[in-house]
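To keep things clear, I will list the structure first and then write my remarks on it.
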Number of protein chains: 2
Amino acid sequence: MQGQNISDIIEAYLKQILNESTRVEIRRSEVAELFNCVPSQINYVINTRFTIQRGYLVQSKRGGGGYIRIEKVKLLDDRDMLDTLIGLVGHQISQRDTLAIVQKLYEDNAIERRDANLILAATSHQTLALNDRQLEAELRARILTSLLNHLRYERE
Amino acid sequence: MQGQNISDIIEAYLKQILNESTRVEIRRSEVAELFNCVPSQINYVINTRFTIQRGYLVQSKRGGGGYIRIEKVKLLDDRDMLDTLIGLVGHQISQRDTLAIVQKLYEDNAIERRDANLILAATSHQTLALNDRQLEAELRARILTSLLNHLRYERE
DNA sequence: TTAACTTTGACTAATATTGACTATTATTAT
DNA sequence: ATAATAATAGTCAATATTAGTCAAAGTTAA
């Protein structure tokens with residue numbers, strides 16, 4: 001809220017635009033120049049202030065005509081539960097525990113049967129097929145966390 | 001979506017024509033002149049935006065009266081659509097091609113928006129977060145293949 | 001004083017643009 | 001017919017134009 005540092009100022013600038021339209025599209029270097037900072041500071045602001053937990057979706061493209069686009073999305077009611085579950089997942093998780101979490105989501109009507117099956121298919125031992133047990137559990141955790149994060153908000 | 005670079009503009013131009021007829025036939029040099037770019041840029045646009053993964057067939061002929069013809073095809077009409085796609089995936093696939101395939105599935109009503117987003121989340125570079133580029137592409141292929149196979153019996 | 005947060009910049013990655021050179025097909029001249 | 005020439009499109013690598021990552025250094029607040 002305060003305008004004490006550049007990151008806060010840039011954050012306020014972007015949010016002010018987002019007050020009027022649901023999305024803002026910028027050229028990173030232009031905004032950096034506008035606020036007299038290095039381009040990577042824009043990434044810092046986005047990574048710390050425009051996260052999915054706060055209801056922002058960010059997309060970007062490099063190369064000529066590149067951009068960074070920030071979109072405000074509507075968060076769903078289940079997000080506290082999702083936070084809890086993401087905490088449970090941690091940085092690694094077994095297939096067995098994954099099944100438990102997915103079943104819980106299904107029972108709570110957070111996802112449909114179809115989604116549940118997709119998630120289980122994507123995270124199964126057979127699919128991941130890594131030799132390294134540890135790596136597999138970590139990867140499963142990342143995939144599951146990412147999927148849970150996507151359940152947070154509603155698409156138009 | 002973007003109108004920032006020439007490639008996007010040319011893409012939009014061609015797709016607008018394809019909205020009205022199922023195929024478009026151009027003379028490369030004419031389109032290049034129309035958009036004030038070098039002829040090989042047309043090839044770049046076609047190679048990056050009108051791939052088979054996205055549901056486009058491209059044919060061309062050189063010499064006098066030469067042309068480039070782009071045709072929009074429906075994968076759903078293909079009896080073995082899933083097999084075709086799985087073949088395209090192969091044993092490794094980039095995030096870019098994954099996006100193309102998933103978008104095509106969505107366009108052709110093979111999957112819903114929600115499923116599309118889940119699949120993309122599960123296979124993104126950020127989610128997989130492996131150091132090994134090769135391993136990442138292989139893993140992405142396995143996950144995508146697994147999901148595609150899932151559509152097979154999830155379907156009816 | 002220390003832990004968290006911010007700022008910076010060197011290096012990396014992705015995407016787009018350009019043009020020289022090559023390949024193919026059609027047309028014309030012999 | 002055949003060879004030369006013209007009229008196309010294709011390939012590829014160099015360069016340009018963006019954004020991303022990461023860790024070191026600086027700043028602030030508890």
Side-chain angles (χ1 to χ4, degrees), chain A residues 1-14 24-51 54 56-71 142, chain B residues 1-14 24-51 54 56-70 93-100 124-134 136-137 140:
Chain A
M1 286 303 183
Q2 308 323 316
Q4 315 212 332
N5 57 53
I6 298 179
S7 290
D8 287 338
I9 295 171
I10 295 171
E11 174 188 10
Y13 167 76
L14 294 172
V24 54
E25 195 170 302
I26 61 167
R27 173 157 305 180
R28 190 179 72 152
S29 59
E30 278 180 6
V31 176
E33 195 161 1
L34 182 59
F35 292 100
N36 212 34
C37 65
V38 296
S40 61
Q41 178 135 19
I42 309 303
N43 296 92
Y44 176 74
V45 172
I46 284 171
N47 290 333
T48 54
R49 282 121 161 121
F50 294 89
T51 62
R54 300 188 188 197
Y56 298 96
L57 210 53
V58 179
Q59 295 169 302
S60 64
K61 197 167 79 163
R62 309 186 195 187
Y67 58 83
I68 299 177
R69 182 191 302 149
I70 307 174
E71 191 176 354
R142 287 202 294 274
Chain B
M1 294 295 183
Q2 293 356 288
Q4 294 296 317
N5 59 55
I6 298 178
S7 291
D8 286 339
I9 295 171
I10 295 170
E11 174 189 9
Y13 168 76
L14 294 172
V24 53
E25 195 170 302
I26 61 168
R27 173 157 307 180
R28 190 179 73 152
S29 57
E30 278 181 6
V31 175
E33 195 161 1
L34 181 59
F35 291 101
N36 212 34
C37 66
V38 296
S40 61
Q41 178 136 20
I42 309 304
N43 296 91
Y44 176 74
V45 172
I46 285 170
N47 290 333
T48 53
R49 281 121 162 119
F50 294 89
T51 63
R54 298 188 186 201
Y56 297 96
L57 280 183
V58 179
Q59 296 167 305
S60 64
K61 200 171 74 166
R62 309 188 195 189
Y67 58 83
I68 299 178
R69 182 191 302 149
I70 307 174
I93 189 169
S94 68
Q95 186 167 2
R96 187 193 187 103
D97 284 344
T98 302
L99 175 60
S124 79
H125 171 62
Q126 195 166 26
T127 295
L128 299 180
L130 295 163
N131 291 328
D132 187 336
R133 219 68 185 174
Q134 172 79 15
E136 177 181 318
R140 183 179 292 113

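From a predicted model like this one, the values you see are computed outputs, not experimental measurements. Residue numbering restarts at 1 for every chain, and letters A, B, ... go by the order of the sequence lines.
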Worksheet item: Between A/R142 and B/L130, does a side-chain contact (heavy atoms from CB on, under 4.5 Å) hold up when you go through it step by step?
Response: CA-CA 11 Å; A/R142 287 202 294 274; B/L130 295 163; 3.8 Å; yes

Item to complete: Begin from the C-alpha positions of A/K61 and B/Q4 and carry the test side-chain contact (heavy atoms from CB on, under 4.5 Å) through to its verdict.
Response: CA-CA 11 Å; A/K61 197 167 79 163; B/Q4 294 296 317; over 6 Å; no

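With DNA chain D read from its 5' end, the first of the two nearest nucleotides for B/Y67 and B/Q126 is the one closest to B/Y67. Comparing B/R133 and B/V38 against DNA chain C, the residue whose closest nucleotide sits nearer the 5' end is B/R133. Each of B/H125 and B/S7 has a nearest nucleotide on DNA chain C; the 5'-most of these lies closest to B/H125.
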With a cut-off of 3.5 Å and sequence neighbours excluded, list every side-chain donor-acceptor pair involving residues 31-49 of chain A.
{"unit_1": "A/Q41", "atom_1": "NE2", "unit_2": "A/S7", "atom_2": "OG", "d": "3.0"}
{"unit_1": "A/N43", "atom_1": "OD1", "unit_2": "A/R28", "atom_2": "NH1", "d": "2.6"}
{"unit_1": "A/N47", "atom_1": "ND2", "unit_2": "A/N43", "atom_2": "O", "d": "3.1"}
{"unit_1": "A/T48", "atom_1": "OG1", "unit_2": "A/Y44", "atom_2": "O", "d": "2.8"}
{"unit_1": "A/T48", "atom_1": "OG1", "unit_2": "A/V45", "atom_2": "O", "d": "3.3"}
{"unit_1": "A/R49", "atom_1": "NE", "unit_2": "A/E11", "atom_2": "OE1", "d": "3.2"}
{"unit_1": "A/R49", "atom_1": "NH2", "unit_2": "A/D8", "atom_2": "OD1", "d": "2.6"}

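Nucleotide C/dT17 holds its P atom 12 Å from the CG atom of B/N36, rounded to whole Å. Here C/dA13 presents its C1' atom at 12 Å from CD of B/E136, a figure rounded to the nearest Å. Between the CD atom of A/Q4 and the P atom of C/dT7 there is a distance of 11 Å, given to the nearest Å. The separation between B/E11 atom CD and C/dT15 atom P is 13 Å, rounded to whole Å. As a whole-Å value, the separation of A/N5 CG from C/dT8 P is 11 Å.
Within the model, atoms CD of B/E136 and OG of B/S124 stand 8.5 Å from one another, a figure rounded to the nearest 0.5 Å.
Near DNA chain C, defined here as any heavy-atom distance below 4.0 Å, the residues from residues 40-50 of chain B are B/S40, B/Q41, B/Y44, B/R49, listed numerically.
B/E25 is linked by a salt bridge (charged side-chain N to carboxylate O under 4.0 Å, His left out) to B/R69, counting only residues two or more places apart in sequence or in another chain. Taking A/T51 as the reference, A/Q53, A/R54 meet the side-chain contact (heavy atoms from CB on, under 4.5 Å) condition, with sequence neighbours excluded.
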Item to complete: List the protein contact pattern of nucleotides 24-30 of chain C with one symbol per nucleotide (5' to 3'): B for base contact, S for sugar-phosphate-only contact, - for none; contact means a heavy-atom distance under 4.0 Å.
Response: BBS----

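Contact footprint of chain B on DNA chain D: nucleotides with an atom under 4.0 Å from a non-hydrogen protein atom, first to last in 5' to 3' order, D/dA7 to D/dT11.
Contact detail for B/V58 and B/F50: the closest heavy-atom pair is CG2-O, 3.7 Å.
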